[in-house]
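Notes to accompany the following structure.
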2 protein chains.
Amino acid sequence: MAYRETQRVRRRKAATREQLLRAAEARVRAGGFAALQIQTVAADAGLGVGTVYRYFRNRDSLAAEVFQRATEREVAALVKALAVPGSAITRLHHGLSVFARRALRAPRLARALIADPVSPEVEAQRLHYRRDYACHFRTLLEQGMESGSLPPQPAELSANALVGAVAESLAGPVAEHENESEAVDAVCRFCLRAVGAGAEIPAADAAPSLEINHEG
Amino acid sequence: MAYRETQRVRRRKAATREQLLRAAEARVRAGGFAALQIQTVAADAGLGVGTVYRYFRNRDSLAAEVFQRATEREVAALVKALAVPGSAITRLHHGLSVFARRALRAPRLARALIADPVSPEVEAQRLHYRRDYACHFRTLLEQGMESGSLPPQPAELSANALVGAVAESLAGPVAEHENESEAVDAVCRFCLRAVGAGAEIPAADAAPSLEINHEG
DNA sequence: ACAAGAAGTGAATCACGATTCACACCTTGT
DNA sequence: ACAAGGTGTGAATCGTGATTCACTTCTTGT
């Protein structure tokens with residue numbers, strides 16, 4: 001025996017893998033999953049095509065991992081935003097605000113996560129993600145309904161509609177906005193009214209300065 | 001000179017073209033634009049592959065025409081629905097109801113029109129369509145705001161959000177519904193509340209029996 | 001029935017990415 | 001320095017559809 005993987009190598013490999021994933025996500029961010037091409041990603045990462053296959057079984061696996069990472073980051077951001085103290089409505093507002101801002105900042109990515117057709121593998125993950133995502137909103141809506149601050153409504157459907165409204169108006173193909181904050185604000189109002197919390201809409205600056213880490 | 005296109009031939013050609021378009025749309029209806037393959041369409045129409053190219057320059061042209069037809073049909077349905085007499089809110093409700101029902105009945109098609117990535121050519125049309133579509137809602141929202149029955153809001157953004165909410169909740173990948181009418185109804189309520197017409201929501205059966213021609 | 005002018009056809013060809021793989025180049029323990 | 005066991009590479013190969021085109025089969029006016 002003369003070779004055994006050492007710490008140093010393990011780190012380098014991890015770094016390379018990371019670099020590939022970053023390059024891949026950058027492409028998806030810019031052009032959706034259609035832009036996730038092995039040649040391109042390899043080139044971006046300064047590596048050979050074959051190398052990519054040392055790290056990922058195939059394109060779909062790479063896509064799936066990019067999807068999962070981005071997805072988990074989004075869900076985490078939402079959960080964090082919802083964890084704020086306050087009434088169901090206040091928390092919903094925070095959540096929407098964060099979701100909206102992220103969608104606005106990375107529209108292509110948002111659309112990719114929500115709708116880009118990829119492999120069946122990714123499609124399954126997408127379902128998971130969507131359910132998860134909607135689930136958080138749904139829980140909040142249910143809380144609001146129980147406490148009487150929201151009118152009765154099918155929570156599941158409302159949650160999905162919220163996601164659609166935000167995604168479409170801010171990240172859709174027709175989205176144009178002079179002022180980011182105004183747009184985010186407008187969508188939040190729209191959404192709050194939609195779930196029946198129109199009257200209790202907090203002041204415009206109730207959830208303004210939430211730091212957003214797009215990368216971390 | 002010994003051959004001149006006659007009425008009979010012209011008709012047959014038109015019929016063939018029509019048949020190809022129908023077959024193509026059927027595929028899109030079932031599996032989005034990814035399912036629009038020349039081989040498949042030709043087979044469905046009972047024709048040879050080459051024949052398709054006698055009628056359409058290439059796949060993109062065919063896709064574009066399928067898109068345009070479906071699109072125009074949708075817009076026409078919306079316009080017709082909005083043409084009903086009554087207040088801005090009533091008309092909006094009718095429009096939403098029709099839009100929702102159509103999306104629910106042909107979810108894959110709805111998604112294809114709204115989000116499926118195709119050629120740049122189609123992408124341009126999509127923009128047109130979306131603008132057109134949103135425009136009708138927008139006009140109505142503006143009327144409502146002028147007359148004071150709707151609160152001030154950025155009409156363009158609200159219109160897009162409405163489209164997103166309906167499409168996502170009824171035609172999205174996570175859409176599941178026991179009862180069609182209930183779902184349509186719930187989305188309509190959601191939307192009306194969203195634009196600020198929550199109080200004036202008409203009785204549940206205010207716009208129930210609008211005939212929908214899915215084909216014509 | 002014949003010639004001109006199309007329309008119909010599908011096997012062959014292209015195009016475009018994904019995927020493979022034989023080979024070059026490191027890393028490590030002796 | 002050497003052998004073992006990787007890792008990195010990119011030209012060659014595959015796979016999947018779109019597209020072409022030489023050829024067959026109508027249609028029509030004479």
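Every chain is numbered from 1 and lettered A, B, ... according to where its sequence line falls, protein lines coming before strand lines.
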Exercise for the section: Figure out the CD/P separation between A/Gln37 and C/dA18, and round it to whole Å. Expected result: 5 Å

Exercise for the section: Inspect the contact between B/Glu168 and A/Arg130 and indicate whether a charged nitrogen and a carboxylate oxygen are less than 4.0 angstrom apart. Expected result: yes

Problem - Donor-acceptor side-chain pairing of A/Arg12 and A/Thr16 below 3.5 angstrom - result: no

Fill in the blank from the handout: From the list A/Arg108, A/Arg73, A/Arg69, salt bridge (charged side-chain N to carboxylate O under 4.0 Å, His left out) partner of A/Glu25 resolves to A/Arg73

Handout entry: Contact check, side chains of A/Val118 and A/Phe67, non-hydrogen atoms, under 4.5 Å
Key = no

Exercise for the section: Round to the nearest Å and state the distance from B/Tyr55 atom OH to C/dA6 atom C1'. Expected result: 10 Å

Problem - Nearest-0.5 Å distance that lies between atom CG in B/Leu47 and atom CZ in B/Arg54 - result: 12.5 Å

Fill in the blank from the handout: The answer to which of B/Arg12 and A/Asp60 contacts DNA chain C further toward the 5' end, by nearest nucleotide, is B/Arg12

Problem - Phosphate contact (D/dG17 OP1 or OP2) by B/Gln39 side-chain N/O below 4.0 Å - result: no

Problem - First encountered from the 5' end of DNA chain C, between A/Gln7 and B/Thr16 - result: B/Thr16

Practice task
Sort out for me which residue in B/Arg102, B/Arg105, B/Arg101 forms a salt bridge (charged side-chain N to carboxylate O under 4.0 Å, His left out) with B/Glu180.
Solution key: B/Arg105

Exercise for the section: Would you indicate what B/Leu62 reaches in the nucleic acid, counting non-hydrogen atoms under 4.0 angstrom: base, sugar-phosphate, or nothing? Expected result: nothing

Problem - Separation of atom CD in A/Glu5 from atom P in C/dT28, rounded to whole Å - result: 10 Å

Practice task
Return no unless some side-chain N or O of A/Arg59 is found under 4.0 Å from OP1 or OP2 of C/dA18.
Solution key: yes

Exercise for the section: Nearest whole angstrom, please: distance from the C1' of D/dG8 to the NZ of A/Lys13. Expected result: 12 Å

Exercise for the section: Grab the CG-C1' distance between B/Leu47 and C/dG8 for me, whole Å please. Expected result: 8 Å

Practice task
Check the distance between C/dC26's C1' and A/Arg10's CZ and give it to me in whole angstrom.
Solution key: 17 Å

Exercise for the section: Find the distance A/Leu20:CG to D/dT9:P and express it as a whole number of Å. Expected result: 10 Å

Taking N or O atoms only and anything under 3.5 Å, show me the protein contacts with nucleotides 20-25 of chain D, one pair per line.
none

Practice task
Please report, rounded to the nearest Å, how far the P atom of D/dG8 is from the CD atom of A/Gln19.
Solution key: 11 Å

Problem - C/dT28 OP1/OP2 closer than 4.0 Å to side-chain N/O of A/Arg8 - result: yes

Handout entry: Residue mapping more 5' on DNA chain D - nearest nucleotide basis, A/Val9 or B/Val9
Key = A/Val9

Exercise for the section: Please lay out, stage by stage, how A/Gln7 and A/Arg11 fare under the test side chain to side chain contact (heavy atoms under 4.5 Å, CB included). Expected result: CA-CA 6 Å; A/Gln7 195 73 112; A/Arg11 270 188 212 134; 3.6 Å; yes

Exercise for the section: Ignoring backbone atoms, establish whether B/Thr51 has a side-chain N or O less than 4.0 Å from OP1 or OP2 of C/dA7. Expected result: no

